[in-house]
Amino acid sequence: MSDIRYNAPEKEKHWQKIWAEKKLFNATNDYSKPKYYVLEMFPYPSGNLHMGHVRNYTMGDVIARYKRAKGFNVLHPMGWDAFGMPAENAAQQHNVHPGEWTYQNIANMRTQLQSMGFSLDWDREFATCDVEYYGKQQELFLEFLAAGLVDRKKSRVNWDPVDNTVLANEQVIDGKGWRSGAEVEQRDLTQWFFKITDYADELITALDDLPGWPDKVKLMQSNWIGRSEGMEVNFELNDTPTEFPSLKVYTTRPDTLFGASFMAISAGHPLAAALAKDNPKVQKFINECNAIGTTEEAIETAEKKGYDTGITATNPLNPRQKLPVYIANFVLMGYGTGAVFGCPAHDQRDMDFARKYNLPVTVVMANDNLDINTFNAQSLDADTEDGLLINSGFMDGMNKQQALEAVAKKLENQQLNGHPQGTRKTNYRLRDWGISRQRYWGCPIPVVHCDQCGTVPVNKADLPVELPHDVTFDKPGNPLDHHPTWKHVACPKCGKDSTRETDTFDTFIDSSWYYARFADSKSEKAVNREAADYWLGVDQYIGGIEHAILHLLYSRFFNRAMKKCGYTSIDEPFTNLFTQGMITHETYKDQDGAWLNPEFVLFDSDGETRQAKHFETNQPVTIGSVEKMSKSKKNVVDPTDFVTNFGADTARWFTISDSPPERDFLWTDAGVDGSYKFTQRIWRLVCENSNGDVLDLENAPKNLDAQATSLRVITHKSIKNVSQAIENLHFNVAIAQIYMLTNAISSFASKADKKDAVAQFVLFEALTRLVQLFGPIMPHLAEECWQQLGYKNLAAQELWPDFEHALTVDDTVSIAVQINGKKRDILTIAKDATKDEIEKAAFALEGVIRNIEGKTIVKKIIVPGRIVNIVVK
RNA sequence: GCGGAUAUGGUGGAACUGGUAGACACGCAAGACUUAAAAUCUUGUUUCCGUAUGGAAGUGGGGGUUCGAUUCCCCCUAUCCGCACCA
């Protein structure tokens, strides 16, 4: 019977056409039905779908199809995160308009997505670069502006002086611009900000209301926002430029003030700038600090350096102590006040700095693990353990909490220049969200700069502010800025000649509200309130862990901002969040050390070691480590080729089959083969055991023999377990259960008398349920099998089966019997056996008798249904 | 540097609230079918000792709690992800 073959690529097209014609997956805005909104993070249209997308969207699709079968009105939409730098890069490199490039990519990727058989509502599709979308985004911005959620202030950027452009962090390589190779400078530009810090506290607190989010993501967000309780302390300065009589620092550890040995200010601090004015050495040092870059990572991993300004600061608790003030490269201007005091004994960064510049180290907190005698002189490691205060005057003997309270009171009451010298302050690591980008391919910021009226919002009636199509990329800088006419407009207020803002929005804004637009993507308003009230929040959001912080935090903020402006009613956009792992693959290099695409690699497995050679040249190939699939390492598998060869169902099945979905997934050819063979095996199994007669599954026959009963048991257990596994997103577990059911059906079918009515029934029931259970994962094969079984409707329209509870409960259990914690035998006994019965039966077991012979019983642990453990001596 | 995660056979992984470690799949081995191969089917497969009944070890490494630890606690190692203008 091996000639029964399932031609997946051909059949898949057939069923996709039928689904599309019937518009089977379009959500209806019928607000009377129970809804379920499943959304996967929409893709950037890079031009090609990759396997990461396939895995991500398969997970969402399984849920969508499952929930549909469960009777929900399911919204499962798709769109495109279509603004961004790659389009501009393509424009410069290949002389193609970013819009053309983007829409072409979208067309290509849409075809690819459709070939995967995802049950998407294509009628709601949009791209963020559609003027219908970004025009609404401008409407939102104007509302936010009016609501006081927007700010304009200076911010530091990477500046390429040759290309005359702002560089993204990823475009700065070793301190140089990626294209020009020029030394990157830091510049302060006036930019637009969303006041996300106004919501800092709420964004932390509300994490508690998100039980459907992974704890690790909530923790990451909480750490990112970084709430800390501390003090602002004002230090009097000596020998300082007159406009800076004092220096304000933020500290969470004012209790360690007696251990202070220096002050450090950021290179961006106004005091540093003032000193640099007439001291070129200071300026040079500031420039050095700036060269490190704008990322926190770069700043914190750079070797610690300081410049002694010659100024000193008076310790507010110890007026005789004058602390040297350094400009230091490890102090961030964006956090706190941009100035700190250094207490080397109890902070590692301060310790590193103190050892480098020979500054004193004073221990002010003692604990049992700290030897004060050796510590001061030699230690390179700061001691961060809590203890009791020493060398700290009025705080001596206090613990940390007491000392924090005491020092706070003291500094609050102490005056400097007529103000309290210290104030308690809650600080956040979170900074306001800078949203200005000096680029063309983004949403124009709808404001106008007028000499007379200042910054004026565009009138709502004049929206959208459309991007001009006729731009060139041959000149350095922002094309919007040097467009001949676009930016010249009349001021909306006074009518005089003025200029448009030429910055565009950060593309994170585009992705911060798209989920709400999907509720009614044709709506005249940015968000259709009624539709949003029905569909939001997203019941299941799925995407990569790399978005754990920024995208998800911005969306949470944005949703609150939209609520404030009356667009939505709820705070949290995503009720349940799932972060899936990446797809990885082995890497290969040829003899010259160049990365090699897997399709060129042939393997020899002679015995123990695996060897590889080039498919064409026969040259040996080095097998490298497993890495995330990426173009640069060429360890990618193209979904289009794959679907042409094996079909979408195999890809869908394989990408969620083995690994738990939150974990990385290793792509192997062997795994692909296994999945492909399984699709064929199912098709054979269904063909060989069906005659097109549909039996009534509501009327199960009585008096089944043992074999038939056991097939019914596994059928119903499978319904139960697969349902549960899908609900929990444990797709790999669901798949293991489907394999088990398949094995059981094969084994039954090979033995059973197929003329027997009972056998026919249990076999038909098992096959029907099997097809339904794998249906969400391999929907095309399911339709084909469904038809083969004799059903006249579509599998995709069939409701999810229920299971008979009685068949899923066993009446006996087998429990392990241990002697001294080691398993010695297994006891099979009635589920409801009492402790005494279990004990009696356990001691009758051969394995027990053998192992307790001649020994004394010390203890017996009997947990019914679980374990027997006999402790002997 | 800071923050987050991961580690179980040859491989991917399973194991509910601490209770039979290795489900399920891949691979491999042997066998059946075949002129042969592919495909398919059957059986076996953590490692070590033993012909075997059986025994010992075993969930990255080290320690601890417990009758019992992949699961809880402490320390360490390795790998991966994020760090605000990549999306």
Side-chain angles (χ1 to χ4, degrees), chain A residues 1-3 5 41 43-44 46 81 83-86 155 157-158 166-172 191 216-217 219-220 222-224 226 294-302 304 330 334 348-349 352 429-439 506-508 510-511 544-551 553-554 581-582 584 605 608 625 627-628 657-660 662-666 668 670-675 677-678 680-681 684 730 732-733 735-740 743 746 750 814-818 820-823 825-827 847 850 858-861 863 865-871:
Chain A
M1 283 294 214
S2 58
D3 54 330
R5 301 290 292 174
M41 290 180 185
Y44 179 79
S46 60
D81 190 12
F83 275 135
M85 286 204 315
S155 157
V157 296
N158 300 306
V166 176
L167 295 178
N169 286 328
E170 67 161 16
Q171 295 175 320
V172 180
Q191 314 221 53
K216 63 173 172 180
V217 174
L219 186 60
M220 282 161 95
S222 172
N223 287 333
W224 183 261
T294 55
T295 75
E296 196 170 301
E297 182 191 3
I299 291 165
E300 294 198 4
T301 50
K304 290 178 187 50
F330 63 89
Q348 192 56 50
R349 272 193 312 199
D352 295 344
R429 205 184 78 96
L430 183 70
R431 312 201 293 257
D432 273 336
W433 174 11
I435 52 172
S436 297
R437 297 292 182 272
Q438 295 68 40
R439 310 195 193 284
D506 176 10
T507 56
F508 268 122
D510 310 342
S511 53
I545 184 72
E546 65 273 20
H547 294 291
I549 298 173
L550 292 181
H551 162 60
L553 190 63
Y554 290 152
M582 297 174 306
T584 61
S605 55
E608 311 244 312
S625 57
E627 309 259 8
K628 172 183 175 177
S657 62
D658 274 354
S659 295
E662 68 277 10
R663 219 176 300 169
D664 286 354
F665 177 80
L666 178 63
T668 60
V672 171
D673 284 344
S675 298
K677 281 182 194 169
F678 185 63
Q680 297 296 344
R681 189 177 157 210
R684 257 192 331 270
H730 293 161
N732 56 326
V733 180
I735 282 174
Q737 183 69 45
I738 291 169
Y739 273 118
M740 263 190 274
N743 291 343
S746 295
S750 68
S814 52
I815 55 182
V817 180
Q818 302 178 331
N820 288 346
K822 282 184 202 287
K823 184 179 73 177
D825 214 326
I826 289 169
L827 178 65
R850 193 174 53 237
V858 181
K859 199 172 182 181
K860 290 178 278 193
I861 292 119
V863 185
R866 291 202 184 274
I867 200 86
V868 174
N869 190 10
I870 302 161
V871 185

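Predicted, not measured: the structure shown is a model, and the values here were computed from it. The sequence lines fix the lettering, A, B, ..., with proteins before strands; numbering per chain opens at 1.
Side-chain contact between A:S746 and A:R681 is present, with heavy atoms from C-beta onward closer than 4.5 Å. Put simply, the side chain of A:I545 reaches to within 4.5 Å of the side chain of A:V217, judged on heavy atoms. Two residues are said to be in side-chain contact when any heavy atoms from C-beta on lie closer than 4.5 Å; A:I815 and A:V868 meet this criterion.
A:A670 comes within 4.0 angstrom of the backbone, heavy atoms only, and of no base. Note on A:L430: a base of the nucleic acid sits closer than 4.0 angstrom, heavy atoms only. Counting non-hydrogen atoms under 4.0 angstrom, A:S46 reaches nothing in the nucleic acid. A:K860 comes within 4.0 angstrom of nothing in the nucleic acid, heavy atoms only.
At whole-Å resolution of the value, CZ in A:F678 and P in B:C26 are 10 Å apart. Distance A:I815 CD1 to B:U20 P: 11 Å, rounded to the nearest Å. Distance CZ (A:R866) to P (B:G19): 7 Å, rounded to an integer number of Å. The separation between A:I545 atom CD1 and B:C83 atom C1' is 14 Å, rounded to whole Å. The CD atom of A:Q680 sits 18 Å away from the C1' atom of B:A25 (whole-angstrom rounding). Distance CE (A:M582) to C1' (B:G82): 11 Å, rounded to an integer number of Å. The nearest whole Å value for the distance from the CG atom in A:L553 to the P atom in B:G3 is 18 Å. Distance CD1 (A:I738) to P (B:A23): 19 Å, rounded to an integer number of Å.
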Write out a two-atom table: protein N or O, nucleotide N or O from nucleotides 85-87 of chain B, distance below 3.5 Å.
residue, atom, partner, partner atom, Å
B:C85, OP2, A:R437, NH2, 3.0
B:C85, O4', A:R437, NE, 3.0
B:C85, O4', A:R437, NH2, 3.4
B:C85, O2', A:L167, O, 3.3
B:C85, O2', A:N169, N, 3.0
B:C85, O2, A:R439, NH2, 2.4
B:C85, N4, A:Q191, OE1, 3.2
B:C85, N4, A:Q191, NE2, 3.1
B:C85, N4, A:Q438, OE1, 3.0
B:C86, OP2, A:N169, N, 3.4
B:C86, OP2, A:E170, N, 3.3
B:C86, O4', A:E170, OE1, 3.2
B:C86, O4', A:E170, OE2, 3.1
B:A87, OP1, A:M85, N, 3.0
B:A87, OP2, A:T507, OG1, 3.4
B:A87, O3', A:D81, OD2, 2.9

Please tabulate, one pair per line, each protein N/O and nucleotide N/O from nucleotides 9-13 of chain B that are separated by under 3.5 Å, including the distance.
residue, atom, partner, partner atom, Å
B:G12, O2', A:S659, OG, 3.3
B:G12, N2, A:D658, OD1, 3.3

Detail all sub-3.5 Å separations between protein N/O atoms and N/O atoms belonging to nucleotides 29-33 of chain B.
none

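B:G9 adopts a syn glycosidic conformation, its chi angle falling within 90° of 0.
Between A:N223 and the phosphate of B:G82, there is no side-chain N or O to OP1/OP2 separation shorter than 4.0 Å.
Rounded to the nearest 0.5 Å, atoms OG1 (A:T301) and CD (A:E296) are 10.5 Å apart. In this structure, A:Q818 CD and A:I867 CD1 are separated by 4.0 Å, a value rounded to the nearest 0.5 Å. Note that the OG atom of A:S46 and the CG atom of A:D81 stand 11.5 Å from one another [nearest 0.5 Å]. To the nearest 0.5 Å, atom CE of residue A:M582 and atom CG of residue A:D664 are 4.0 Å apart. Interatomic distance, CZ of A:F665 versus CG of A:D658, reported as 6.0 Å (0.5 Å rounding). With rounding to the nearest 0.5 Å, the separation of OG in A:S155 from CD1 in A:I435 is 11.5 Å.
In this structure a side-chain-to-backbone donor-acceptor pair under 3.5 Å is present from A:T668 to A:G671. A:R429 contributes a side-chain N or O that, together with a main-chain N or O of A:W224, makes up a donor-acceptor pair within less than 3.5 Å. When atom types are taken as modelled, the side chain of A:Q171 and the backbone of A:A168 share a donor-acceptor pair closer than 3.5 angstrom.
Nearest-nucleotide positions on RNA chain B place A:K216 closer to the 5' end than the other of A:T295 and A:K216. Between A:M220 and A:V863, the residue whose closest nucleotide on RNA chain B is further toward the 5' end is A:M220.
A:V172 is linked by a side-chain contact (heavy atoms from CB on, under 4.5 Å) to A:N158, A:L167, A:V184, counting only residues two or more places apart in sequence or in another chain. Judged as a side-chain contact (heavy atoms from CB on, under 4.5 Å), and not counting sequence neighbours, the contacts of A:T295 are A:N169, A:E297, A:A298. Not counting sequence neighbours, the partners of A:F678 by the ring pair (Phe, Tyr, Trp, His ring centres under 6.0 Å) test are A:W653, A:Y739. For A:E546, there are no side-chain contact (heavy atoms from CB on, under 4.5 Å) partners two or more places apart in sequence or in a different chain. Residues satisfying the salt bridge (charged side-chain N to carboxylate O under 4.0 Å, His left out) test with A:D506, not counting sequence neighbours, are A:R437. For A:H547, the ring pair (Phe, Tyr, Trp, His ring centres under 6.0 Å) partners are A:H551, not counting sequence neighbours. Taking the side chain to side chain donor-acceptor pair (under 3.5 Å) definition, one finds that A:E662 meets it with nothing, sequence neighbours left out.
As rounded to the nearest Å, B:A84 and B:G3 have C1' atoms that lie 14 Å from one another. When the C1' atom is compared between B:A15 and B:U46, the two are found 16 Å apart, to the nearest whole Å. For the P atom pair drawn from B:G62 and B:A52, the interatomic distance equals 30 Å after rounding to whole Å. The separation of B:G60 from B:U6, taken at their C1' atoms, amounts to 11 Å, rounded to a whole angstrom. Of the C1' atoms belonging to B:A87 and B:G82, the separation is 14 Å, rounded to the nearest Å. Separating the P atom of B:A78 from that of B:A30 is a span of 41 Å, rounded to the nearest Å. Rounded to the nearest Å, the gap between the P atom of B:A29 and that of B:G54 is 29 Å. Between the P atoms of B:A23 and B:G9, the separation comes to 13 Å (whole Å).
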Quick tally for nucleotides 48-57 of chain B: nucleotides whose base has a protein heavy atom under 4.0 Å get B, sugar-phosphate-only ones S, the rest -, giving -------SSS

Reading nucleotides 64-78 of chain B from the 5' end, what letters show protein touch, with B for base, S for backbone sugar-phosphate only, - for no heavy atom under 4.0 Å?
---BS----------

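Both distances falling under 3.5 Å, in either a Watson-Crick or a G-U wobble arrangement, place B:U40 opposite B:A32.
In the interface, the side chain of A:E297 is paired with the base of B:C83 through a donor and an acceptor atom under 3.5 Å apart.
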